[in-house]
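From a predicted model like this one, the values you see are computed outputs, not experimental measurements. So you know, we letter chains A, B, ... as the sequences are listed, proteins then strands, and number each from 1. The figures that follow rest on heavy atoms only: side chains count, while hydrogens, waters and symmetry mates do not.
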Amino acid sequence: MLVSIVFIPIGVVSLFASRDVVEIIDQYETECVPQNFRNDKVSFIQSNANKTCTRRLTVTKLMKKPIYVYYQLDNFYQNHRRYVKSRSDSQLKDNSGWDEVSSCKPEDMSNGQPIVPCGLIAWSLFNDTYNFSLNNQQLAVNKKGISWKSDRDRKFGRNVFPRNFQNGTLIGGKSLDPTVPLSKQEDLIVWMRTAALPTFRKLYGKIEWDLQPNEVIHVTLENNYNTYSFSGKKKLVLSTTSWLGGKNDFLGIAYLTVGGLCFFLALSFTVVYLVKPRRLGDPSYLSWNRNPGGH
Amino acid sequence: MKRYVYINENESSHELYCDNRISNRKYTVLNFLPKNLWEQFSRFMNQYFLLIACLQLWSLITPVNPASTWGPLIFIFAVSASKEAWDDYNRYLSDKKANEKLVWVVRQGIRKHIQAQDIHVGNIVWLRENDEVPCDLVLIGTSDPQGLCYVETSALDGETDLKTRGIPATCMGIDFELLHKIKGVIECPNPDKDIRRFDANLRLFPPFIDNDVCPLTIKNTILQSCYLRNTEWACGVAVHTGNETKLGMSRGIPEPKLTAMDAMIDKLTGAIFVFQIVVVMVLGIAGNVWKDTEARKQWYVLYPLEGPWYELLVIPLRFELLCSIMIPISIKVSLDLVKSLYAKFIDWDSEMIDYETGIPSHATNTAISEDLGQVEYIMTDKTGTLTENRMIFRRCCINGVFYGNESGDALKLLNAVAGSSPDVIQFVTVMAICNTVIPIKSKTGAILYKAQSQDEDALVNAAAQLHMVYANKNANILEIRFNGSIIKYELLEILEFTSDRKRMSVVVKDCQNGKILLLSKGADEAILPYAYDGQQTRTFIEVVEQYAQLGLRTLCLAWRELKEDEYQEWSLMFKEASSTLVDREWRIAEVCQRLEHEFEVLGVTAIEDCLQDGVPETIETLRKAGINFWMLTGDKQNTAIQIALSCNFISPEPKGQLLLIDGKTEDEVCRSLERVLLTMRITSSEPKDVAFVVDGWALEIALKHYRKAFTELAILSRTAICCRVTPSQKAQLVELLKSCDYRTLAIGDGGNDVRMIQQADIGVGISGREGLQAARAADYSIGKFRFLKRLILVHGRYSYNRTAFLSQYSFYKSLVICFIQIFFSFISGVSGTSLFNSVSLMAYNVFYTSVPVLVSVLDKDLSEGTVMQHPQILFYCQAGRLLNPSTFAGWFGRSLFHAIIVFVITIHAYAYEKSEMEELSMVALSGCIWLQAFVVALETNSFTVLQHLAIWGNLVAFYVINWIISAIPASGMYTIMFRLCRQPSYWITMFLIVAAGMGPVLALKYLRYTYRPSKINTLQQAERMGGPILTLGNIEPQPRSIEKEVSPLSITQPKSRSPVYEPLLSDSPNSSRRSLGPGTPFDFFQLQSRLSSNYSRNCKDN
């Protein structure tokens, strides 16, 4: 009973928090493939055709700044054992560890030289790009500070520069500017925080601008990343945030459910107790008449 | 094989035989590591863990850092290895102490003080009074002119009385100084462990008397670890040294005992192992399928098209490693730890200290406390275990006159002694001198008696109180103080007691008138048939019968005057028989027989062996707890039955029924066995106490020929009395019950119980008057029988409950983590990714979840008082109600449920942009830890500060540790915990996990508690309400009748004259007031007064 009294309000509050969050989701992986390639999206994505694509997003509610821009991938197993292990933290951290690539197989060496940053994770860096415009005016996307500060400071070295990256026969994802140190390559840092679930969102940038209801945002995106071979979805997500994080009704609903169940149980126990009372600790329930040989 | 020991030849023996260095060590510095590791790896669990650890070295398949398995594994090995090393070091220290002790040894004809370890075979060792014997010696000289010395052998066989040892005949009369130079050879057998045999020969070289070889027996030896007593000095030749002594050879490591619980845990481990294999197979196949169908499409994984040959194996092996935590590595350590704690609890229990002797209870075997709670059969010895083994002279019948039946008899007997009634005086004289007791004058002038048997002790003491004081033994002259005058007797021969002859005699010469007397005492059947023709022995037979009915031990006393020539003639024969080498014992018995006849029977003594305090209550309580009692005794049938009646063992007639199995031939035994079995089958449904009585002879036949029928009988019967059984039969009976899958506990105090104690699942020794032998061999030693109640009901029960919880909980917590890993593998492409990092996994199993559960050793589900009042509750332990496959299934289900809760809530609450690997894993881990804390709290019945501290402190410690780890930049978890703790959603998620995880568990428990309470719950509720809980399950000590008339046996029985018998010699408050009248001073009976008043109280209470 007590639990239900505590839980239902928490549930309501969480639900409200979640409902306060305004979210615009745009799934584009099919739409951004030209009609004639729809049957064979893989060959399209691997071709050199122009992959630019324009999307229109309508703001439903007032979105206060900062507005977070995420890309969401479905059916992408960043948690696959082979994938998750294929990185070299010591290489990322400091220049002196540039040739420590043994854990990065099969993306450790290219043309006989160690790759920096090595490994499957870095190699498969997401490379779709988004440009937002509102009323024909460029909407700036702030890509600074999208990664964890601790990662920039400690995990990715200021003196480590990409080297020999995406130089092999197979090109995975995005290339990196070899003149920018890894600690500044925030897209990479975000990407290398591997997701534990096959459906995940990663921060692309922040829009420091309030969006009014019914405003229409034009997104010019480069649809480069291959999710077609494993029929994964790609979504662009614009979202505000609350004290609980992004839009997620789960906690609220779960609290309400648990609270409700507790309430129901407490009620039914009380009813049962009233209908069929039973004295606790009545020694008359103790009967020792067991068969001596009965076990 | 023989060994030849050359006396005083220093050099020759050095190479042949070892020196006297004692070593009890199991290891040496060099072989410690390999030997210890080998021993540890012979256990299945350890092999399993080693295999897992080795697999983890293969980095392709290992999900986590190999350190997460190697760490705990090495820790566990280090713990048990250091325990072994510590024990071994202690053994080394005690060895060293013994080895470096200084002893006097003759070297080159001069006595020197050397270290004990330098003694060699053939050396002559000198001992002073109260010295410990450093090695096995053959005596060659003592300070005693007769060549005797006294040794205490308690370290060897546990018997506390002094034993006489003598020098061989050839060494007689050798001068003190000459002993240094003596030369000779001893032909003796190679070392063996038989401490009752030593068949050797001694031949001295010139200039000493160089006659024939002189035979040596065990009587001529003093063995290692004995103490020299009452003898100024003694010297002997070392024949066995070091670890080759009889003590060293008989030292052995007993088989480790395994508890039923261990067996069950092993079984469950096996089941989990099978489950694990199944999971691994399923996941392995699924993983390979997924890899071939899906993973090839996931281009970013870059699966090569052609893999190496072992590729198919990789994924199953990964899962094997992932699931290896299903079998918790910590369970062994935790169990060992708590078990030694249980043992300490027993040692520390202040309620189990015997205040009379100050002996605390002690658990020698630390591993089997749970079994105490599961005992189904208790096999108990009678003398010294149920009874005090403190013999008190109660009654006698002299020449047809009864003393001690009615009040005032003590006075009558005293008057009779004072009145110089010749029969009575003769009777008391026999009591005083027909024995092997050694009187010792203490400094205060009081005389202490060192007696080999308690009966003799009682008789001599009683005689002393009848003014016939056995004052001194000076060589062969015995001095008796009687009414102020001193009577001297010369002791001519002792015809010793053997269990075959069942009597002992002495031949003495009255120094006053030169008469030679044969004085005998013995069992009725060994004395009465040899009475002279004219004597009526019928009265004595009746008296013996009557006394036996009262549970008294009887001895018949007899005497005969010998003619001088008759004695001389016999004496020659006796000497000859004593020196025969073949069948000596039999020959002596035969010769003795020639003298021991034509007795004039003087009378019968009745000695009582008091029941120990609280024996009836203990037996009653334990029987209520559903434990079956068997009494195995070497005593007479009637005595045994009477003791059984008086200590609640069997109920008198209307409620109980005694069935007798007897017979001398196979047929008779068979018939009576079948009859008893039939009765047993009929009555098994009735609430009637049926017990059977069997004697050693019938038992032998029954066990040999009708084992099956007897086994059935054993199962049907809750009580049995086996009398006249030998030590090996005791062990056989234990074996029989064990083979029927019963948990047996054997309790005894003497050397004859050792085999039974070692055979039983649990051996309990009473550190009693028969020495410490049983207590040493036992797993538990207690001071008094009544402590058994507490040992079983409190310690055994709690141990069982606690281990049941601990072991199942250990599996539960491992399974939770493991299930989460398995679930996670389904959303990680069945690739075998570990959700948790190595550090967390290791710490989870070894630290976070072990500490709070360890304090569960303090948990008490019911208070001790309640358990004592409701011993029936022990049934839950006996039947294994708290740890069996179904309870385990409950825990298994709970772990599955909790894993689902944690996993589902975590992945939903931390979806999308929050689904970062490290964060998610930490959220799931915290969820588990929170749930653990609440599960432990829920399962804890009695909270103490320590428990709260451990449970909640552990939760705090979890955060502190993770904050520390999160502060280390190099760790994978850098900043994770700080980040999480700042998020409200993290705390809300935790709250949700706890509520969702515990809610149903609580509801279920509440329902059970209220609507289908177990007996334990009911009692808990009653306890909580604080009301009296004595209504039904109350143990009202049944008013037991001590009226001996209601003996259930159909044996013809003379009416006892009085229902309550008073001690014959006593001035206890009750008896003196009633029997002797006020004001009668009986100071000299002071010693007995306390005992007898105790006794009377017992009678009255009951």
Donor-acceptor contact present, side-chain [X] to main-chain [Y], <3.5 Å:
X	Y	value
A:R152	A:S147	yes
B:H870	B:T866	no
B:Y910	B:S921	no
A:Y255	B:I988	yes
B:R318	B:S831	yes
B:E919	B:R979	no

Largest heavy-atom contact set with chain B, pairs under 4.5 Å, which of [options]:
options	answer
A:K149, A:Q72, A:K93	A:Q72
A:Y70, A:F269, A:Y83	A:F269
A:P198, A:S150, A:G173, A:S124	A:S150

Region of [X] in contact with chain A, defined by heavy-atom distances below 4.5 Å:
X	result
B:I905	both
B:I976	side chain
B:Y303	both

Contacting moiety of [X], where chain B heavy atoms sit under 4.5 Å:
X	answer
A:F200	both
A:L244	both
A:L197	both
A:F76	both
A:N226	both
A:W123	side chain
A:N75	both

When [options] are compared by non-hydrogen pairs under 4.5 Å with chain A, the top option:
options	answer
B:F824, B:F991, B:Y1006	B:F991
B:N628, B:L1002, B:L1007, B:L835	B:L1007
B:E294, B:E918, B:K914, B:H908	B:H908

Check your understanding: Are B:E916 and A:R193 ion-paired here, with the side-chain N under 4.0 Å from a carboxylate O?
Key ->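 Looking at B:E916 and A:R193, the cut-off is met.
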Review point. Is A:R87 salt-bridged to A:D89, going by a charged N under 4.0 Å from an acidic O?
Key: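 Salt bridge present between A:R87 and A:D89.
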Practice item. Under the side-chain hydrogen bond (donor to acceptor under 3.5 Å, both in side chains) rule, collect the residues that match up with A:D20, sequence neighbours excluded. Key: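 None.
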Exercise for review: With sequence neighbours left out, write down each residue that passes side-chain contact (heavy atoms from CB on, under 4.5 Å) with A:V12, or none if nothing qualifies.
Suggested key: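 Scan of A:V12 (side-chain contact (heavy atoms from CB on, under 4.5 Å), adjacent residues dropped) gives A:I8, A:F16, A:L256.
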Check your understanding: Which is it for B:F826 and B:W290 under the ring pair (Phe, Tyr, Trp, His ring centres under 6.0 Å) test, yes or no, and what are the steps along the way?
Key -> CA-CA 10 Å; B:F826 286 115; B:W290 195 89; over 10 Å; no
Point to revise | Value rounded to 0.5 Å, distance of CG in B:L920 from CZ in B:F836 | key: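 Here the rounded value is 8.5 Å.
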Review point. Does the side chain of B:F319 come within less than 4.5 Å of B:I315's, by heavy atoms?
Key: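 Sidechains of B:F319 and B:I315: in contact.
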Check your understanding: Is any residue of residues 228-242 of chain A within less than 4.5 Å of chain B by heavy atoms, and which ones?
Key ->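 If one takes a 4.5 Å heavy-atom cut-off, the residues of residues 228-242 of chain A near chain B are A:S229, A:F230.
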Review point. Taking only residues at least two apart or on different chains, which pairs with a member in residues 986-1003 of chain B satisfy side-chain hydrogen bond (donor to acceptor under 3.5 Å, both in side chains)?
Key: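 Those involving residues 986-1003 of chain B are B:S926-B:Y986, B:Y959-B:Y986.
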